[in-house]
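Below is one structure, written out as structure tokens, with a few remarks after it.
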Amino acid sequence: MTRVMQPIRLLGIAGSLRSASFNRALLRAAVEMAPSGVQITTFDELAALPFYDGDVEAAGDPIPARSFRAAIDSADGVLITTPEYNDGTSAVLKNAIDWASRPPQRTLAGKVVAVMGASVTPSGARGGIESVKRAVRRAGSEVLDEQVAIPSVADAFDADLQLTDPLIRAEVAGLVATLAARARAASEEKLAA
Ligand SMILES: Cc1cc2nc3c(=O)[nH]c(=O)nc-3n(C[C@H](O)[C@H](O)[C@H](O)COP(=O)(O)O)c2cc1C
């Protein structure tokens, strides 16, 4: 009997809010390059999440926090792009991770996560990437060692924010493929358990 392969669903999250963000453009490039059998949907409402506050949480999760958790729940894996703000990730992204880390759901626990980052300096947003990895690892996610770190990011995009650098395009496509393969294996492991 032939087994029909279900598409792998990835959730893309960009940690910068500005419309001309390189990290948002990087995530768009990943969506466009996703191979057949891999669907990437994006969560674009990070700014709607209130600051994490235990009192707000105790009164019942706000709707944006529920939407964010539901988006993660319905994905097999998560692809995050982060800017670097003062050697860490952005406040909105850290805030979102905090919401999705909380018990009893611990929505990020057990999720396979890959991280990319871009900064305009030669650092390649490595501080941002590391801070995201530390946070999601603490939240119980399985974090891929593989990553894409883009220094001097303005050189990799054209004026229309299309990712034109062929080496970086290949790196992004490679990371998406690795994440999708690991997410597929993890969901099959869960089914078999
Ligand atoms: C508050 C703030 C702090 C920043 N800190 C750093 C930094 O520590 N290292 C770095 O390489 N770039 C830093 N930058 C520059 C960002 O890399 C640059 O703004 C980048 O384009 C942000 O990503 P985006 O294009 O996705 O918005 C900082 C920018 C801001 C606004």
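Atoms within a ligand are numbered from 1 in the order they appear, just like the ligands themselves.
Taking Asp53 as the reference, Asp55, Val56 meet the side chain to side chain contact (heavy atoms under 4.5 Å, CB included) condition, with sequence neighbours excluded.
Under the 3.5 Å distance criterion, with hydrogens and angles disregarded, a donor-acceptor pair is assigned to the side chains of Thr89 and Thr82.
Under a 3.5 Å cut-off, the side chain of Arg182 and the backbone N or O of Leu144 do not form any donor-acceptor pair.
When heavy-atom distances to ligand 1 are checked against 4.0 Å, the residues falling inside are Ser16, Arg18, Ser21, Phe22, Asn23, Pro83, Glu84, Tyr85, Asn86, Asp87, Ser119, Val120, Thr121, Ser123, ordered by chain and number.
Taking each heavy atom of Ala118 and Ala125 in turn, the nearest pair found is N-CB, 3.5 Å. Taking every heavy atom of both residues into account, Ala186 and Val112 meet most closely at CB-CG2, 3.8 Å.
The aromatic rings of Tyr52 and Trp99 stand perpendicular to each other, their planes meeting at an angle above 60°, with 30° marking the opposite boundary.
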